[in-house]
Amino acid sequence: MMTGDWIDIGAVAEIPLRGARTVPVAGGEEIALFRTGDDRIFALVNRCPHKHGPLSQGIIHGHAVACPLHNWRISLETGEALGEDKGCVPTVPVRVDAGRILIARLTLLATAIAA
Amino acid sequence: MDFQGRTTVDEIDEGPGGAAREHLVVIGNGMAGCRAIEEVLARDAGRFRVTIFGAEPHVNYNRIMLSPVLAGEKTFDQIVINDDAWYADNAIELIASDPVVSVDRVAKIVTARSGRSVHYDRLLIATGSDPFIIPVPGKDLPGVISFRDMNDVDAMLAAADKGGDAVVIGGGLLGLEAAHGLTLRGMKVTVLHLMPTLMERQLDEAAGWLLKSELERRGQTVLTGADTAEIVGETCVEGVRLKDGRLIPASLVVMAVGIRPSTGLAREAGLAVGRGIQVDDHMVTSDPSVLAVGECVEHDGLVYGLVAPLWEMCRALADGLVGQPTGYRGSVTSTKLKVSGIDVFSAGDFSGGDGAEDIVLRDASRGVYKRVIVKDDRIVGAVLYGDTADGGWYFDLLKKQEDIADLRDLLIFGQAFALGGGASDPKAAVAALSDDAEICGCNGVSKGQVVASITGGACSLDAVRATCKASASCGSCTGLVENLLALTLGDEVKAGPKTMCKCTSFTHGDVRREIVEQGLRSIPEVMQALHWSTPDGCSSCRPALNYYLLCALPGEYVDDQQSRFVNERMHANIQKDGTYSVVPRMWGGLTNPRELRAIADVVEKFNAPMVKVTGGQRLDIFGIRKEDLPAVWADLNAAGMVSGHAYGKSLRTVKTCVGSEWCRFGTQDSTGLGVQIERMTWGSWMPHKFKIAVSGCPRNCAEATIKDFGIVCVDSGYELHVGGNGGIKVRATDFLCKVATEQQAMDYCAAFTQLYREDAWYLERTAPWIERVGLDYIKARIVDDEVGREALTSRFLFSQSFSQDDPWAARAAGAEREQHAHLGEFRPIEILAAE
Ligand code: SRM
Ligand SMILES: Cc1cc2nc3c(=O)[nH]c(=O)nc-3n(C[C@H](O)[C@H](O)[C@H](O)COP(=O)(O)OP(=O)(O)OC[C@H]3O[C@@H](n4cnc5c(N)ncnc54)[C@H](O)[C@@H]3O)c2cc1C
Ligand code: SF4
Ligand code: FES
C-alpha cells in the first residue's frame, strides 16, 4: 500500500465523476477525495468550516463543492469558502499516478497527530 | 499647497465638449451618496468629474439587505448595487477605506485619514448615521456589536459560528431583524426592549403583541420593559445585567437602539447643523458649494431613517445640480419588517387622538390584525399584521389624502372588496391601482413607471429591476411587480420572469419548454443547447435539470446521482452530525406487529440513539451512519417495508384517519382509500415534496385541507382539495370539485399530481404554484377537460411504472456501494510501526 513518501489509496475510477469518496484516518480527521467534471482529483479534510458538514456528500460543480448541510460553497483548490462566507478547511496534498490516487504520507501522519 | 506632503493636485479635466468639468466630491459611498450620483449621471453624464470617499472597504451595496445576509438568505455579492465596473464605466474614482477627516471650505479641500487631499468644486456630504451606543459600563467590551454595516454582519456571523447566547438590545426594526438572523444562525436569542411593546414607533400595541408572541413561538425570548444597567464580562462579553438585577448570559450583544445622523464632519466645517445637516429643498447646505443628502440631513425640521425619502432627496438634488430644480417637500414613510413569514406593515400616524376614528379587523384564526385610522374622511394611518396585501393601497390613499367616505364600510376588507371586485385576485387588485400608486417603497417607483419600463421592453423581473429599480431592494414588492408583468404582457410572461440561476439567462419555464420542444435528453445537452455559462452548472440548476428530464422522459432518462441533493442520493435524511435518519413507509399510517418489531430490532441492533413518531404518521429512526444504511434497509425490507421517501422531492405520506371502519362519524373508508392512493403515488419524483391526506368526514382529523392534495369524505362522495401547505407559510387548500366514487378520487389525484409534475418549477410546492397559475387553470385542466384529465392520469401511471422500485432494496443488494463505503482507511500507528 505504500510507495515511499506517497501512499496509494485507490483507483481514480472508484470515484464517480463529480462524486466523492471518504478515507477515515484512525485517530485523525476523515479525508474527502473529490473527482471533478474535468477529471481532476482533489482532497480536503471532510469537514465544512461552517458547522462541520461532511463535504464529501455535497454537490460538486466546477472546482467547488456545495456543502450538504447549508450549501456553503468550498473551493476544492484552496479549501476556502467562496462568496461571502468565510472559513477554510485544510487541503490534503494528493497526486494521481497511472490511475491511482496517492496521498502524501507525512500529511497523513500529521493529520492524525494534529487531531 | 502642501498637506502633510501628500497632496494630490487635481489635474484639469476636460469634458466631452472641451470645457473643464467641475469636480464633484462625495463623502460617503453609501446608499444616498451613490444614488445621488446615479441620478446626476442619468441627467447629464458628462457634467461632473466624480470622486467618492468611502469609510468602508466595499463598493456601493444595499444596506437594507444586510438583514437577509445575516439571516443567510442572501450573500454579499447579491446585495451589491454598483460593482467595480460601474465606477470604471462612469470614470468615478472610488477612494475606499479612507474616511474624510476634515473639510476646508475656504480652500475647498477635503482631507482623508490617509492624508490624501482633494480639491472640490462641489461637495456632497452623504455620511449616513452612526449607531447609538447606550452609555452603560461594559459597552466597549469585545463582543458588543452594532448593526450598521457589513463589518458588523461579519462580526455577528463569526460570533454565531460559535453558537451560544446572544442578547439584542432594542426591539425595533433593526433589532428584530438582527434577532431573527441570529436565531436562524443557531444562537439562542433574547431581545431586550425598553418600551412595553415591540416596534412601538411603527406598531400599535395589538400588533406589537402579535409580533411578540410570534417571535416567542419561534424560540426567541422577548423581554419588554427591560432596562439595561450594564454589560458584564472580564475580557469579553459574558452577559447583560438589567436594572431590576436580572442577569442574562450572552457571548454576543447587539446594540440596536437607534441611530444618530453623522454630522461631526459638517459641524467642524462650520455648516449649519441641527439634529442633522440642515438643507434646503434642493439639498444645499448653508454653504452653496456644499450639498448633503441621506440620513445625515435635516430637512424642514425632520430627519429620516428609511431609504424611500432618500431617493426623493436624490432626485431633487440631481435636478438642482443640473439646473432644473424641482425641490424636495418631505416624505411620508411606511415600514415593513423583513423577517420571513412575519408580515407587518405600518404607515402614517396611528396614535389616535382628537377626532381620529379606528376601523379594526381581527381574525384570530388567521392571525390577522388590521387597523386603519381615519380622520375627517381621510386615512391618516394604517397598521397591518398578518395580511399586508393592502398596505400599498392604504398608503396610496393616505398620501393622496383621498376622501374615503364612500368606501368607509368596506375599507377594512381591503381594496378588492371595497372597490367591488369581491374576489381576492391579486392581479385584479394590482390592476385597480392608480398609475401613480407606489409599488416599490424602497426605490419610490410608481405603478406607471413599472408599466412604462415593461412596455419599454423589460419583460422579466430582472429586467424591471435593472431598468426602474422596482423590487431591486428589499424585494417585498416582488409579487406586485410580477403581477404587473403578467397584466402588461399577458401570456408572454407566463413562463415566469426569474432566471433559473446564475448559470443561465433562461427561466425555469423556458428550460422546461425547451427540453420538450428541442427533445433534449441529458444535462450536458441542455447546458449546451441553452448556452449555460458554467461548465457543469451549480447546486441550484443541476437538481432542477435532472428532475425536468426525468419528468419529460419517463423510463428513458438515466437519473444523475451527482445532481441529486445528498438526501436523495443517500435515500435518507442527513442530520447535523452527518449521520442519517431512516423513515420506512407505513401505508396510510397503518402498521403491524411485524413492522414494529423490525423497527425495534433495527434501533437496538444499530444503536440508534432515537426513534420518533413523525408528524406524518410513521416512525423515524435517527443516528444511522452512512456505512450502516444498506444493512438497516435490508432488515426493514425483510419485514416488508420500503423507503418512505421522507428525504425526497416526491410523495411523502398519505395521512389518513380511521374513517367509517371504526369511527362513529366516518362516512367512507378513508383509511382504505389512503392506502390505495399511497400505493398508487409512492416513489414518484416531483418538483417538490408532495403530501396527501384523506379524512373520513368534515371533522377532518387527517388535516386534509393543508395538504397538497386532500380528500374529505362526505356521505355523498369525496370532496377533493388542492394546494394546501402546513409549512413555512400556511395555506388552506382550494376546493377543486366533488366526485362520487373512490376510483374517481384516485383518477383525479393522479391527474392533478401529473399536472403539477409537468407544470411547476423545481422547488415550487403546489401552494405557490396554484397561486401563480390560478385555480381556474387547474379546474380547466382537471375538472372541465375530461379527455385531458384522462391523458394526465395515464401519463402519471405510465411514469409510475418505472419509479415504483424500492431504492432501498437495490442498495441493500449492493447497488451504488460507493455511496456507503469508504475508499480506503488509514491506521497511521500501523504505518509508523511498520517502519
Ligand atoms: C421528521 C419530521 C418531523 C417530525 O419529527 O415529525 C420532519 C422533518 C424534517 N422536515 Fe418537515 N418533517 C416532518 C413533517 C412535516 C410536516 C407535517 C406533515 O407532513 O403533516 C410539515 C408541514 C406540512 C407541509 O409540508 O405542508 C413539514 C414542513 C417542512 C418544511 C416546510 C415546507 C414548506 O413548503 O413550507 C420543510 C423545509 C422544506 O421542505 O424546504 C421541512 C423539512 C424537513 C427536514 C427535511 C429538514 C432537513 O432538510 O433536514 C427535516 C428532516 C428531518 C429528518 O432527518 O428526518 N419540513 N414537515 C416529519 C416527517 C414526516 C414524515 O413522516 O415524513
Ligand atoms: C440592517 C439594516 C436594515 C435596514 N432596513 C431598512 C429597510 O428595510 N427599509 C428602509 O427603508 N431602510 C432600512 N434601513 C435604513 C437604510 O439602510 C438607510 O436609511 C440608508 O442606508 C441611508 O443611506 P445613507 O446613504 O444616508 O447612509 P449609509 O447608507 O449609511 O451611507 C453612508 C456611508 O458613508 C460612510 N461614511 C461616513 N462617514 C464618512 C466619512 N467621514 N468619510 C467617508 N465615508 C463616510 C459610511 O461608512 C457609509 O458607508 C436599514 C438599515 C440597516 C443598517
Ligand atoms: S424537524 Fe422540521 S421543524 Fe423540526 S427543526 Fe427540523 S425542519 Fe425544523
Ligand atoms: S456545515 Fe457546511 S454549510 Fe453549514
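All chains are named by letter (A, B, ...) in the order of the sequence lines, taking the proteins before the strands, and each is independently numbered beginning at 1. For the numbers below, each heavy atom of this structure counts, side chains included, while hydrogens, waters and symmetry mates do not.
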(message) Can you tell me which portion of I60(A) sits under 4.5 Å from chain B's heavy atoms? Options are side chain, backbone, both or neither.
(response) backbone
(message) Is it the case that the side chain of R47(A) and the backbone of E30(A) share a donor-acceptor pair, with hydrogens and angles ignored and the cut-off at 3.5 Å?
(response) no
(message) Using a 6.0 Å cut-off, check whether atom NZ of K576(B) has over 12 heavy atoms from anything other than its own residue.
(response) no
(message) Just to be sure I understand the criterion: a residue of residues 541-550 of chain B counts if one of its heavy atoms is under 4.5 Å from a heavy atom of chain A. Which ones qualify?
(response) R542(B), P543(B)
(message) When you measure from the side chain of N46(A) to the backbone of I31(A), do you find a donor-acceptor pair of N or O atoms at a distance under 3.5 Å?
(response) no
(request) Under 4.5 Å heavy-atom distance to chain B, tell me which part of P54(A) shows up: side chain, backbone, both or neither. (result) side chain
(message) Contact between W808(B) and V582(B) at the side-chain level, heavy atoms closer than 4.5 Å - yes or no?
(response) yes
(message) Please classify the contact between Q78(B) and chain A as side chain, backbone, both or neither, with a heavy-atom cut-off of under 4.5 Å.
(response) neither
(message) Please find the pair of heavy atoms, one from S539(B) and one from H61(A), that lie closest to each other, and give the distance.
(response) N-CD2, 3.8 Å
(message) Between M570(B) and Y647(B), is there a side-chain heavy-atom distance shorter than 4.5 Å?
(response) no
(message) Tell me if the centroids of the rings in H508(B) and Y762(B) come within less than 6.0 Å of each other.
(response) no
(request) Using the test salt bridge (Lys or Arg N to Asp or Glu O under 4.0 Å), find all partners of E816(B) that sit at least two apart in sequence or belong to another chain. (result) R811(B)
(request) With a 4.5 Å cut-off on heavy-atom pairs, point out which of K626(B), M150(B), Q562(B) contacts chain A the most. (result) Q562(B)
(request) Please flag which part of H50(A) lies under 4.5 Å from any non-hydrogen atom of chain B: side chain, backbone, both or neither. (result) both
(request) Examine whether an atom of N71(A) lies under 4.5 Å from a heavy atom of chain B, and if so say whether it belongs to the side chain, the backbone or both; otherwise answer neither. (result) side chain
(request) Sort out for me which of A11(A), S56(A), P24(A), G58(A) touches chain B most, counting heavy-atom pairs under 4.5 Å. (result) P24(A)
(message) If we ignore hydrogens and angles and just use 3.5 Å, is the side chain of D39(A) paired with the main-chain N or O of L17(A) as donor and acceptor?
(response) no
(request) Give, as side chain, backbone, both or neither, the part of R564(B) having an atom under 4.5 angstrom from any heavy atom of chain A. (result) backbone
(request) For each of P16(A), A66(A), G37(A), G53(A), tally heavy-atom pairs with chain B at distances under 4.5 Å, and name the one with the top tally. (result) P16(A)
(request) Report yes or no: do D77(B) and T75(B) form a side-chain donor-acceptor pair below 3.5 Å? (result) no
(request) For the pair Y61(B) and H58(B), name the ring-plane relationship: parallel under 30°, tilted 30 to 60°, perpendicular over 60°. (result) perpendicular
(message) For A158(B), which atoms come within 4.5 Å of any heavy atom of chain A: side chain, backbone, both, or neither?
(response) neither
(request) Can you tell which part of L33(A) gets under 4.5 Å to a heavy atom of chain B, answering side chain, backbone, both or neither? (result) side chain
